[in-house]
Amino acid sequence: MKYVFAICVALTLALALAMIGFGQAAAPAAGQRGAAAGGQAGQQPATPPLPAGQGAAAPAAGGRGGRGGGGGGGGRGGANAAPPAPTPRWPDGKPVMGSIAGQPTGRWSGCCTTLPQGQLEKIPFQPWAKAVYDQRQIDQFEPHTRCHASGAARQFSTPYGTELLEMRDLQRIYIMDEGGPHSYRIIYMDGRKHPEKLEPTNYGNSIGSWDGDTLVVDTIGYNEKFWTDTRGTPHTSQLHFVERFTRINATTMQYQATIDDPGAYTAPWTTSVFTMNWTANSDLFEYICQDNNHGPELMIGSQEGVDRSRQFVP
Amino acid sequence: MRVKVLWLCGVLVILSLVMSVVAQEGHPLTGTWYGDFGMTAAKRNDLTVILNWDGKGVSGIINPGPDTQKVKVATLDSSKWTVHFEVDAKNKAGAMDHFVFDGTLKNIVAGNRTITGTWTCGTTKGDFKIQRDL
């Protein structure tokens, strides 16, 4: 009798667990429809629902869609979420990296506050660079908060996003900052090489090229007046920074960078893939960093004293 | 006239050296450091040190100008933030003295970080404090 009871309990538990399992499996399957649609957009005859500001670009996409992306479609309640529109494209088939002519402008936000994310233990820091990185986690006294223009990935982790402005006739792309110094970087797309002699600058010298649908931006000529990301990943003026931008659909940009800096690391390393999200119908606005800037006072951390006699002028 | 031109050129060279290394966020020792050293609190001597990290080692000069000297050895122990550097400098009699400085970095993340510590020159010793220029 004891055994019968035990078997009944075991069967009931097994059945309950299986039911829970089925229940959980069903939701993601529905929620990930967006991702599936994104990856198979080429097979969809119908135009997918489009977010505001991207409608005109969809037909030019030719249904190429993303690479199995659809980052916005999955998750909770995904069953009812519309899949993101496919990557908008220029008439020659290249992805539109920013806003579309004749459409309301938009910005990219999100991205990479800490480049070593997910692989900190594997980063080939030189000892001094690791010590500096660790210290910067305590003392977040970064130049960006003092209104200094910050190049590399730091340009994308401002609170208000960035605008990528493609000037195809001039063969260049502008990356417009919002927060911090309200400045910009130029990516030259005309096939030029880096100048042999460079005056080191905050944004360096950027040249871009296409690797399929991925924009590859190669930058050298950095100075050491900024942090490469919000959390203070160190660099020196020997930094060679290669970024890969892939717009996998209308609202999602993948970003990955390779850091080659023999001054701070023992070997080149590549970040994880970060995601930037598109905010449609949003213009850059006037942002004066120096106005009411409390950054220096708020971010002193464990430091004993900071010279406040100097003006914070970028 | 020629002397004036040479003097002006010298000043420009020194200025360009100083300007090129200010406000660095890279290696903690890179930059221009100024302060003083001495045997007592009342008796001090100016000290300016320009250091640069090339990815493998630290090099530099002290007291840029007519009496500048190369820094012979400069190291940073980033596990303790201790700094060691050695330099030869002319004394009043014109002979070279060998100075050894050992200090500790403070306010590492701040642009105006400092190095404080002690120095020795033979049997003579004292303290020093230098602050990095922004």
Side-chain angles (χ1 to χ4, degrees), chain A residues 125-146 148 150-152 154 199-200 202 222-228 231-239 260-266 296 299-314, chain B residues 12-13 15-36 50-60 71 73-85 103-117 129-134:
Chain A
F125 287 106
Q126 287 199 21
W128 75 264
K130 180 63 166 65
V132 165
Y133 177 86
D134 290 342
Q135 192 67 36
R136 286 176 178 174
Q137 308 316 298
I138 303 165
D139 301 315
Q140 298 173 28
F141 195 58
E142 70 155 319
H144 192 87
T145 62
R146 287 169 278 149
H148 286 275
S150 299
R154 183 64 181 89
E199 182 66 29
N202 290 38
Y222 288 109
N223 62 29
E224 298 179 358
K225 296 180 181 178
F226 66 95
W227 292 5
T228 58
R231 303 299 290 184
T233 301
H235 78 285
T236 70
S237 57
Q238 298 177 49
L239 173 62
D260 184 4
D261 182 355
Y265 303 93
T266 57
M299 305 179 95
I300 290 171
S302 68
Q303 292 167 21
E304 291 175 358
V306 173
D307 179 5
R308 291 153 195 263
S309 64
R310 291 173 185 265
Q311 295 294 312
F312 295 107
V313 179
Chain B
L12 287 174
V13 167
L15 274 177
S16 64
L17 275 172
V18 172
M19 291 299 288
S20 64
V21 290
V22 299
Q24 303 297 313
E25 295 286 340
H27 190 278
L29 289 187
T30 296
T32 300
W33 303 79
Y34 62 90
D36 57 36
I50 299 176
L51 298 173
N52 184 53
W53 167 255
D54 66 2
K56 292 177 181 172
V58 179
S59 59
V71 173
V73 179
T75 56
L76 168 71
D77 180 350
S78 57
S79 66
K80 300 171 188 167
W81 295 120
T82 53
V83 181
H84 172 89
F85 62 97
T104 305
L105 262 174
K106 289 183 179 171
N107 294 338
I108 296 106
V109 179
N112 58 340
R113 63 187 68 112
T114 58
I115 305 173
T116 55
K129 179 174 182 177
I130 50 178
Q131 175 176 309
R132 202 185 66 162
D133 197 6
L134 285 174

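Numbers restart at 1 for each chain; the letters A, B, ... are given by sequence-line order, proteins then strands. Just so it is clear, the structure is predicted and the values come from calculations on it, not from any experiment.
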>> Quick check for you: to the nearest 0.5 Å, what is the distance between A/S237 atom OG and B/N52 atom CG?
In response: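 A/S237 atom OG to B/N52 atom CG measures 7.5 Å (nearest 0.5 Å).
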> Does the side chain of A/V132 reach to within under 4.5 Å of the side chain of B/P28, using non-hydrogen atoms?
Replying inline: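 Yes, their side chains come closer than 4.5 Å.
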> Does any non-hydrogen side-chain atom of A/R136 lie less than 4.5 Å from one of B/E25?
Replying inline: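 B/E25 reaches A/R136 side chain to side chain.
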> For A/K130, does the NZ atom sit with more than 12 other heavy atoms under 6.0 Å from it, leaving out its own atoms?
Replying inline: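 Yes, NZ of A/K130 has more than 12 neighbouring heavy atoms, counting only those of other groups under 6.0 Å.
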>> Under the rule for side-chain hydrogen bond (donor to acceptor under 3.5 Å, both in side chains), what residues qualify as partners of A/D260, not counting sequence neighbours?
In response: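 A/D260 satisfies side-chain hydrogen bond (donor to acceptor under 3.5 Å, both in side chains) with no residue once adjacent residues are dropped.
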>> Among residues at least two apart in sequence or on other chains, which ones pass side-chain hydrogen bond (donor to acceptor under 3.5 Å, both in side chains) with B/W53?
In response: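 Applying side-chain hydrogen bond (donor to acceptor under 3.5 Å, both in side chains) to B/W53 gives none.
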>> Given heavy-atom pairs under 4.5 angstrom as the criterion, report whether the side chain, backbone, both or neither of A/P262 touches chain B.
In response: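 For A/P262, the contact with chain B is made by the backbone alone.
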>> For B/I108, is there any backbone N or O sitting under 3.5 Å from a side-chain donor or acceptor partner on A/Q135?
In response: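 Not a single qualifying donor-acceptor pair exists.
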> Nearest heavy-atom pair of B/G26 and A/W128: which atoms, and what distance?
Replying inline: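 Here B/G26 and A/W128 meet closest at O-CZ3, 3.5 Å.
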